[in-house]
Engineer: 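My structure is below; once you've seen it, I'll send some questions.
What you see below is based on every heavy atom in this structure, not just the backbone, and it leaves out hydrogens, waters and symmetry mates. Owing to the predicted nature of the structure, the values given are computational and were not obtained by experimental measurement.
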Amino acid sequence: APEARRGGAQPVQQGLGSGVLVRGDGHILTNHHVVDGADDIKVDLKDHRTYTAKLVGSDAPSDLAVLKIEGRNLPYVRWGDSTRSRVGDWIVAIGNPYGLGGTVTAGIISALHRGITGQGAYDRYIQTDAAINMGNSGGPMFDLNGNVIGINSALISPTGASVGIGLAIPAELAKPVIDCAAVCAHAGDC
């Protein structure tokens with residue numbers, strides 16, 4: 001669960017979000033809006049280890065960011081093929097809603113390629129009725145085979161709480177970001 005600290009001359013502000021380990025060497029994928037403007041990024045793993053993360057890269061249009069913690073042989077996820085997902089498929093969403101820690105919700109895919117801004121190549125979300133709340137951003141959406149098919153990113157709600165319209169960035173759009181970070185890491189540029 002990434003925690004971004006925004007500071008300066010003003011009182012320290014903290015934000016909460018989620019993330020997912022995508023490589024055993026400590027690369028984490030999360031949302032851009034989770035870490036945007038952060039001075040410090042702290043990552044708490046499920047086993048209660050805490051790391052300071054380095055921001056490898058962040059992209060506002062895709063709303064994706066890659067972090068790196070110093071670790072080895074860390075458990076990481078398998079990627080699924082979101083292009084094979086269908087409306088009605090069951091999914092599981094994991095995240096850190098309201099700072100509660102690892103929370104799992106289940107639901108179905110309600111729509112594919114859902115646009116919410118009406119512009120841009122990245123406006124193709126997976127919509128689900130699984131509860132996605134504030135703090136779930138950046139967490140994984142799994143198919144029932146345990147493969148990541150999306151990155152939880154947003155919710156549509158008149159109240160700010162889940163009303164059954166959660167949105168995830170499809171793996172087909174998120175995986176190239178990780179592949180790019182892997183190339184960068186091997187080249188020593190990160």
Engineer: Rounded to the nearest 0.5 Å, what's the gap from CH2 on W90 to OG1 on T128? Could you check?
Structural biologist: 9.0 Å
Engineer: Indicate yes or no: at least one non-hydrogen side-chain atom of D44 is less than 4.5 angstrom from one of K42.
Structural biologist: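 They are in side-chain contact.
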Engineer: Could you list the residues that satisfy side-chain hydrogen bond (donor to acceptor under 3.5 Å, both in side chains) with D81, not counting sequence neighbours?
Structural biologist: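 side-chain hydrogen bond (donor to acceptor under 3.5 Å, both in side chains) list for D81, sorted by chain: T83.
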Engineer: Between N152 and I94, is there a donor-acceptor pair closer than 3.5 Å when you use the side chain of the first and the backbone of the second?
Structural biologist: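 Answer holds: yes.
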Engineer: If hydrophobic clusters are built by linking Ile, Leu, Val, Met, Phe, Trp and Tyr wherever their side-chain heavy atoms come under 4.5 Å apart, do M134 and I165 end up in the same one?
Structural biologist: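 Different clusters: M134 never reaches I165 through Ile, Leu, Val, Met, Phe, Trp or Tyr contacts under 4.5 Å.
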Engineer: Taking all non-hydrogen atoms of both residues into account, name the closest pair between T30 and G138 and its distance.
Structural biologist: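 Heavy atoms of T30 and G138 come nearest at OG1-CA, 3.7 Å.
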Engineer: Do V66 and V177 have side chains that get closer than 4.5 Å, going by heavy atoms?
Structural biologist: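 Counting from C-beta outward, V66 and V177 do come under 4.5 Å.
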Engineer: Please step through side-chain contact (heavy atoms from CB on, under 4.5 Å) for the pair V56 and L67, ending with a clear verdict.
Structural biologist: CA-CA 5 Å; V56 173; L67 308 175; 5.9 Å; no
Engineer: For A106, which residues count as a side-chain contact (heavy atoms from CB on, under 4.5 Å) partner, sequence neighbours excluded?
Structural biologist: none
Engineer: Please list, chain by chain and in numerical order, all residues satisfying side-chain contact (heavy atoms from CB on, under 4.5 Å) with A131, sequence neighbours excluded.
Structural biologist: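 Here the qualifying residues are T105, N133, S162.
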Engineer: List the atom of P140, the atom of G19, and the distance in Å for their closest heavy-atom pair.
Structural biologist: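 Distance-wise, the nearest heavy atoms are CD-O, 4.3 Å.
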Engineer: Check V163 against I156 and note the closest heavy-atom contact, atom names and distance.
Structural biologist: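 Looking at all heavy atoms of both residues, the closest pair is CG2-O, 3.4 Å.
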Engineer: Give a yes or no answer on whether the side chain of D59 reaches the backbone of S62 with a donor-acceptor pair at less than 3.5 Å.
Structural biologist: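 Checking the backbone N and O of S62 against the side chain of D59, a donor-acceptor pair under 3.5 Å is found.
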Engineer: Just how far is it from atom OG of S137 to atom CG of L155, taken to the nearest 0.5 Å?
Structural biologist: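 Between atom OG of S137 and atom CG of L155 there are 7.5 Å.
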Engineer: Are V104 and V148 linked, directly or through other ILVMFWY residues, by side chains that come within less than 4.5 angstrom of each other?
Structural biologist: yes
Engineer: Could you list all the salt bridge (charged side-chain N to carboxylate O under 4.0 Å, His left out) pairs where at least one residue sits in residues 150-172, not counting sequence neighbours?
Structural biologist: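 Passing the test, one end in residues 150-172: R124-E172.
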Engineer: Identify the heavy atoms of Y76 and G24 that sit nearest to each other, and give their distance.
Structural biologist: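 In terms of heavy atoms, the two residues are closest at CD2-N, 3.3 Å.
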Engineer: Would you check if L144 and V92 make a side-chain contact, meaning some heavy-atom pair closer than 4.5 Å?
Structural biologist: yes
Engineer: When rounded to the nearest 0.5 angstrom, what is the spacing between CG in L64 and CG in L29?
Structural biologist: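 It comes to 5.5 Å.
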Engineer: My understanding is that only residues two or more places apart in sequence, or in another chain, count here; which of them pass side-chain contact (heavy atoms from CB on, under 4.5 Å) with L74?
Structural biologist: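 Partners of L74 by the side-chain contact (heavy atoms from CB on, under 4.5 Å) criterion, ordered by chain and then number, come out as L21, L45, R49, Y51, I69.
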Engineer: Check the side chains of H33 and D63 for a donor-acceptor pair under 3.5 angstrom, ignoring hydrogens and angles.
Structural biologist: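 A pair is found: one side chain offers a donor N or O, the other an acceptor, under 3.5 Å apart.
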Engineer: Just jot down the side-chain contact (heavy atoms from CB on, under 4.5 Å) partners of A171, sequence neighbours excluded, or say none.
Structural biologist: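 Expected list: W79, S82.
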Engineer: List for me each residue that meets salt bridge (Lys or Arg N to Asp or Glu O under 4.0 Å) alongside K175, sequence neighbours excluded, and say none if there are none.
Structural biologist: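 Applying salt bridge (Lys or Arg N to Asp or Glu O under 4.0 Å) to K175 gives D179.
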Engineer: Mind checking what makes salt bridge (Lys or Arg N to Asp or Glu O under 4.0 Å) contact with R84, not counting sequence neighbours?
Structural biologist: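 With neighbours one apart ignored, the set is empty.
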Engineer: List for me each residue that meets side-chain hydrogen bond (donor to acceptor under 3.5 Å, both in side chains) alongside R72, sequence neighbours excluded, and say none if there are none.
Structural biologist: none
Engineer: Would I108 end up clustered with F142 when hydrophobic side chains under 4.5 Å apart are linked, directly or stepwise?
Structural biologist: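 Yes, same cluster.
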Engineer: Return the set of residues passing side-chain hydrogen bond (donor to acceptor under 3.5 Å, both in side chains) with S157 (not counting sequence neighbours), or none when no residue passes.
Structural biologist: T159
Engineer: Is a donor on one side and an acceptor on the other found under 3.5 Å between the side chain of N147 and the backbone of G80?
Structural biologist: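 Side chain of N147 to backbone of G80: no pair is present.
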Engineer: I need the I28 CD1 to K54 NZ distance, nearest 0.5 Å.
Structural biologist: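 Nearest 0.5 Å value for the CD1-NZ distance: 13.5 Å.
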Engineer: Would you say I169 and V77 are hydrophobically clustered, going by side-chain heavy atoms of ILVMFWY under 4.5 Å?
Structural biologist: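 I169 and V77: one cluster.
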Engineer: Verify, without hydrogens or angle tests, whether N96 (side chain) and G101 (backbone) share a donor-acceptor contact under 3.5 angstrom.
Structural biologist: yes
Engineer: Considering only Ile, Leu, Val, Met, Phe, Trp and Tyr, and joining two whenever side-chain heavy atoms are under 4.5 Å apart, list the other residues clustered with I109.
Structural biologist: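 V87, I91, L112, I126, M141, I149, all in the cluster of I109.
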Engineer: Quick one about N136 and S18 (side-chain donor to acceptor, distance below 3.5 Å, no hydrogens or angles considered), yes or no?
Structural biologist: no
Engineer: Which pair of non-hydrogen atoms, one from L55 and one from A65, has the smallest distance, and what is that distance?
Structural biologist: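 L55 and A65 have their closest heavy atoms at CD1-CB, 4.2 Å.
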Engineer: To the closest 0.5 Å, what do you measure between NZ (K68) and NE2 (H27)?
Structural biologist: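 Rounded to the nearest 0.5 Å, the NZ-NE2 separation comes out at 6.0 Å.
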Engineer: Going hydrophobic residue to hydrophobic residue with side-chain gaps under 4.5 angstrom, can you get from I151 over to I132?
Structural biologist: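 No, no single cluster joins them.
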